[in-house]
Amino acid sequence: MRPDSETNDDRRTMDTNGHTIENGHGKLGTINHHDVKQQNGSRPDEKIVLPNEMASMVPLQVLIGKMIRKAHADLMTLTDTLPSRSDTEKKRHILNYATLVRKQIIKLQVLVKWADDADDIQMCQNIMAFLANQNQIFRDTTHFLHKIHAELPKARIRNFDILSAVDVLTTGTYQRMPTKFQSIPIPLTDSEVLETFSKMNDVIRMRMMTNEVLPSPMKAYEIESGRIKFLIPNEFDVSLTLMGPPNERRWWIVSLNVLVKSTAGSGAADVDISLNEAQLQNLKMNSQKQLLPPPIPVTSTPDTPIAPIHFPLVNLYDYLHLFCLNMQLEIIYMQATMVSRTRWLDQLKVFMDSTRTKLTLVYWKGGSPAAHWARPQTDEKEKSAEAQANSTTIEISISNEVDKRRGPFTPQVNMAISIRDELKGLIEQAGLGASVQLSKMDNADRPKIISALKYPKNQLDVLWGGESNLHTNSDLLNPSDINVERVLWHVTRHHSLCIIEKLRIVLKGQESFLNENGLHLVEGRLEDVISDLETNATEGLKDQFYIGDMKMDISPVIVRYRHHRYITINLDMRSGRIKVREAGYRLGEGDVKLKELEERLNSDPSNVAKHLLWLRSEVVIREIVSLAKQLSLQPFHTSQMSLRADDLVKLFGDVMPPPPPRDPADTTHPPVNRLQYPSHCVFLQFAQFKDWYLVIAIVQNEVYSWLCCINEKRDQAGLFQVVVDMMHVDYEEMWREQFMPHVDDGADGQTKKRRSYSEENKENESQQDTENFHKKRRKTLTGRADTSEPSDAAQNMDNLSIDLRFMAKLDSLSRSLPTARWSSSFFWVQSPTHPGHYSSRFLPLNPKF
């Protein structure tokens, strides 16, 4: 920013492009040329005045005025604020103000001295601005003239055709028509067209018999209407014709259709990946390039040109076949991507490699342990962890058969063997034209001939779990009817069948263990077995045999784990998880138990019998808890109890096996030295006796019960419980009196093992007729048995059967024992210090009572 020394408006140079003169007063005035000539007839001294360029210039008057106003405003602000400040602050603010104003005045003084030369600087600035403006004007003029030169010829009017106008006006006709338009060809007749087609057919037929080498998939062709048609099923059809001079006739594609497409219908086939007109035309152009002969190498001479090996029809087939394979893979990829985001959401993963020649489908989220446990692949190779992980993987890739045909020898030896054994057969399969043309080939070109004519070269491979066996004879990936869901449904259905069948085989192998523990594997259909269930209960089971519109004809595994209570073990083909359902019985809370059983089976399917026994015991404990609540008994889970190890041994030591000895070499698992609670156990607290509990536990399909008194104590470690009194309740005897009143087992005081009626009569049911069907036999450990006719209600009972009446009897007996113990231990004692006064005392409890 620079000041202007001319502060007076009267002394400023006027903005004009004319001339100025100096008058006697030293002022500049503007005159024109006419006035100058009228003064004394002579021209006075003149000065050219340029326009002022005020860029970055400020008048000195304006600058001085702004500084004065700023100093005055700061002074007024200082006078208003000083009275409220202390003397020290007043002095500091006055000093700051004086210093700032002094600096501004010094700067102003410098600018005023510099302003003496401002006129010269302003003149230079005006000259530079004027020259820049003139330069821009010249440049714009040049550009405009060039634009006129370029556009003016386009606006030129054509010369009038005077000669043609004279001819038309004088003769009435146009006599200057080109000769090409005067002779119009006459269209061919139908007979001539048919004759031409017949001659073209003969030329094509002769070409095929003498010169052409055909790939083996294109040996079947049809010559008609001057064309040769090749049809490759499920891939493409192409029509060719010959064009050009007789000695240089080449094949030209007349029509080309791609037959690869997706299934017409719903589902994954909704993806339309057919080629449009532009894509089909581009494919036709690229295919035409395959028919053109390659250029002659530079190393050849005009006298002996080296013609490269060129089989146009072979090249055409190889190109279109590879295109169809890639198109199939792209259609499958797009269909798989769509279903992975819709119906197979979170259950299907799709991966395509960078070369887009290998597609990987992973179903069932990679597979659960149950899916890898029952692999559909039946190879005898060692099942490594990687092989098991690939059991739910489908790989679809474009393979090169040349790599697969490599033998154990070196490439040179393998090629020599192929030339010797296969060349003759390939020449015979290539057609008559091949025998003529290939006989002229050198020995050095024979490996190239074998590589070009041996088929198949490329094909679409489908590997399931690393194996090509898809366990079906149907074509799941038909190129003209591609549907990836068809492949997924077949693979998941067969995999599900393998899992269910392996579960059934494992259960049959452990059938004796199942029968001993009240579990029975049911053969046949569920509707035939459960004939007495309600209709709506059996109808609800039918949906597990259908998924969508596809019938799932996998028969589930049916197990009877209680009297008239069955579960079906099936598999969800979409998620690959084992599903367990209760047949004809509404569990309510038990649905959670079925979910937990599903988790156990999916994580460890090999121990299916152990998991079923767990469900049986869990259901019995749940029934006991439900009946106990009706009898005002408060149930407590083992997690709510805090018994010490000695009390656990005292309570469960006779029924629970001791902890297994620890291997000294095993350092991965911590040692287990104390007895644990039974897996299926419940503590039932009496309302009248808060310290007394009825303990019921199921161990190895046997029910054990104890009545114990548990007191709470506290030590430095915290609150814990101690068993102060305990007695055994003969649960087995009470159960026999309730459910088997007419059966006398002749017991001799030894512990007996109960078995269900259905199991004990399993070997006799096939031999007895309808009259004695209801006769049951119950064997004891001593081998003695008694046959009787129990009631109909007892026929459906097993050793874990329980009802409200039996639970009420057990509750009454359990309540009477603490009452009797309390009354027998209570007595009166006379006070020695106060004769005639008595106090109550209790006998100490005997833990061995």
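All residue numbers refer to positions in the sequence shown, counting from 1.
- Side-chain contact between Lys365 and Ser575: absent, with no pair of heavy atoms (C-beta onward) separated by less than 4.5 Å.
- Expressed to the nearest 0.5 Å, how far CD1 of Ile253 lies from CZ of Arg227 amounts to 12.5 Å.
- The backbone N or O of Phe230 lies less than 3.5 Å from no partner atom in the side chain of Asp237, so there is not a single donor-acceptor pair.
- Of the possible donor and acceptor atoms, one in the side chain of Gln279 sits under 3.5 Å from a partner among the backbone N and O of Asn276.
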Kindly indicate, with the supporting measurements, whether the criterion side chain to side chain contact (heavy atoms under 4.5 Å, CB included) is fulfilled by Val506 and Ser606.
-> CA-CA 7 Å; Val506 172; Ser606 58; over 6 Å; no
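- Of all non-hydrogen atoms in Tyr319 and Ser287, the two that sit nearest each other are CE2-OG, 3.5 Å.
- Among all heavy-atom pairs drawn from Pro556 and Thr568, the shortest one is CB-CB, 4.3 Å.
- Closest approach of Ala370 and Ile578 over heavy atoms only: CB-CD1, 3.9 Å.
- Side-chain contact check for Thr189 and Ser191: at least one donor-acceptor pair (N or O, by modelled atom type) lies under 3.5 Å.
- The local environment of CD in Glu222 is crowded, with over 12 non-hydrogen atoms from other residues, nucleotides or ligands closer than 6.0 Å.
- Taking CG from Asn478 and NZ from Lys261, the interatomic distance works out to 10.0 Å, rounded to the nearest 0.5 Å.
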Evaluate the side chain to side chain contact (heavy atoms under 4.5 Å, CB included) criterion for residues Val203 and Met200: first the C-alpha distance (whole Å), next the side-chain angles of each, then the deciding distance (0.1 Å), finally the verdict.
-> CA-CA 5 Å; Val203 173; Met200 293 178 65; 5.6 Å; no
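- Side-chain contact check for Leu256 versus Val238: some heavy-atom pair is nearer than 4.5 Å.
- The main-chain N or O of Val254 is never found under 3.5 Å from a side-chain atom of Ser239 such that the two would form a donor-acceptor pair.
- Using a 4.5 Å heavy-atom threshold, the side chains of Leu477 and Ile396 count as touching.
- At a threshold of 4.0 Å, the pair Lys593-Glu582 does not count as salt-bridged, since none of the basic side-chain nitrogens sits closer than that to a carboxylate oxygen.
- Geometrically, Arg574 engages Trp344 in a cation-pi contact defined by less than 6.0 Å to the ring centre and at most 45° from the axis.
- Looking at Gln347 and Tyr363, their side chains never come closer than 4.5 Å, going by heavy atoms from C-beta outward.
- Looking at His310, its side chain never comes within 3.5 Å of a backbone N or O of Pro294 through a donor-acceptor pair.
- Interatomic distance, OH of Tyr317 versus SG of Cys324, reported as 9.0 Å (0.5 Å rounding).
- Under the 3.5 Å distance criterion, the side-chain polar atoms of His321 are matched with a main-chain donor or acceptor of Asn458.
- Taking the six-membered ring where tryptophan is involved, the planes of His471 and His494 are essentially parallel, since the angle between them stays under 30° and well short of 60°.
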Could you walk me through whether Met338 and Val484 pass side chain to side chain contact (heavy atoms under 4.5 Å, CB included), step by step?
-> CA-CA 10 Å; Met338 190 198 72; Val484 71; over 6 Å; no
Could you go through the side chain to side chain contact (heavy atoms under 4.5 Å, CB included) check for Leu283 and Leu320 one step at a time?
-> CA-CA 9 Å; Leu283 175 63; Leu320 292 177; 4.2 Å; yes
Give the C-alpha distance, both sets of side-chain angles, the deciding distance and a yes or no for salt bridge (charged side-chain N to carboxylate O under 4.0 Å, His left out) between Asp481 and Arg486.
-> CA-CA 10 Å; Asp481 189 23; Arg486 185 190 302 120; 3.2 Å; yes
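- Summarising the geometry of Ala374 relative to Cys498, their closest heavy-atom pair is CB-O, 3.8 Å, with the distance given to 0.1 Å.
- The CG atom of Asn326 lies 14.5 Å from the OH atom of Tyr333; values are rounded to the nearest 0.5 Å.
- The CG atom of Asn390 sits 9.5 Å away from atom OG1 of Thr360, with the distance rounded to the nearest 0.5 Å.
- Looking only at side-chain heavy atoms (C-beta outward), Trp364 and Asp572 stay at 4.5 Å or farther from each other.
- Heavy-atom neighbours of Arg341 CZ from other residues, nucleotides or ligands within 6.0 Å: at or below the threshold of 12.
- Between Val592 and Glu596, every side-chain heavy-atom pair lies at or beyond the 4.5 Å cut-off.
- Across all non-hydrogen atoms, the minimal contact from Val314 to Leu214 is CG2-C, 4.3 Å.
- The number of heavy atoms from other shown groups lying within 6.0 Å of CG (Asn247) is above 12.
- No side-chain donor-acceptor contact under 3.5 Å links Ser468 to the backbone of Leu463.
- Contact annotation: the side chain of Leu291 never approaches that of Arg250 to less than 4.5 Å [non-hydrogen atoms, C-beta and beyond].
- Listed for the Glu598 side chain is a donor-acceptor partner under 3.5 Å among the backbone atoms of Val580.
- Here the side chains of Ile569 and Leu612 are in contact, with some heavy-atom distance below 4.5 Å.
- Distance alone, capped at 3.5 Å, is enough to place a donor-acceptor pair between the Asp353 side chain and the Thr357 backbone.
- Remark: the backbone N or O of Arg600 is not paired with any side-chain donor or acceptor of Asp604 at under 3.5 angstrom.
- Residue Ser496 comes nearest to Met573 through the heavy atom pair OG-CG, 3.6 Å, listed as atom of the first residue, atom of the second, then distance.
- Classification of Lys199 and Glu195 as a salt-bridged pair holds, one side-chain N sitting under 4.0 Å from a carboxylate O.
- Under a 4.0 Å N-O distance rule, the pair Glu599/Arg577 qualifies as a salt bridge.
- The NZ atom of Lys284 sits 12.5 Å away from the CG atom of Asn286 when rounded to the nearest 0.5 Å.
- Using modelled atom types, no side-chain atom of Lys502 and backbone atom of Pro605 make a donor-acceptor pair closer than 3.5 Å.
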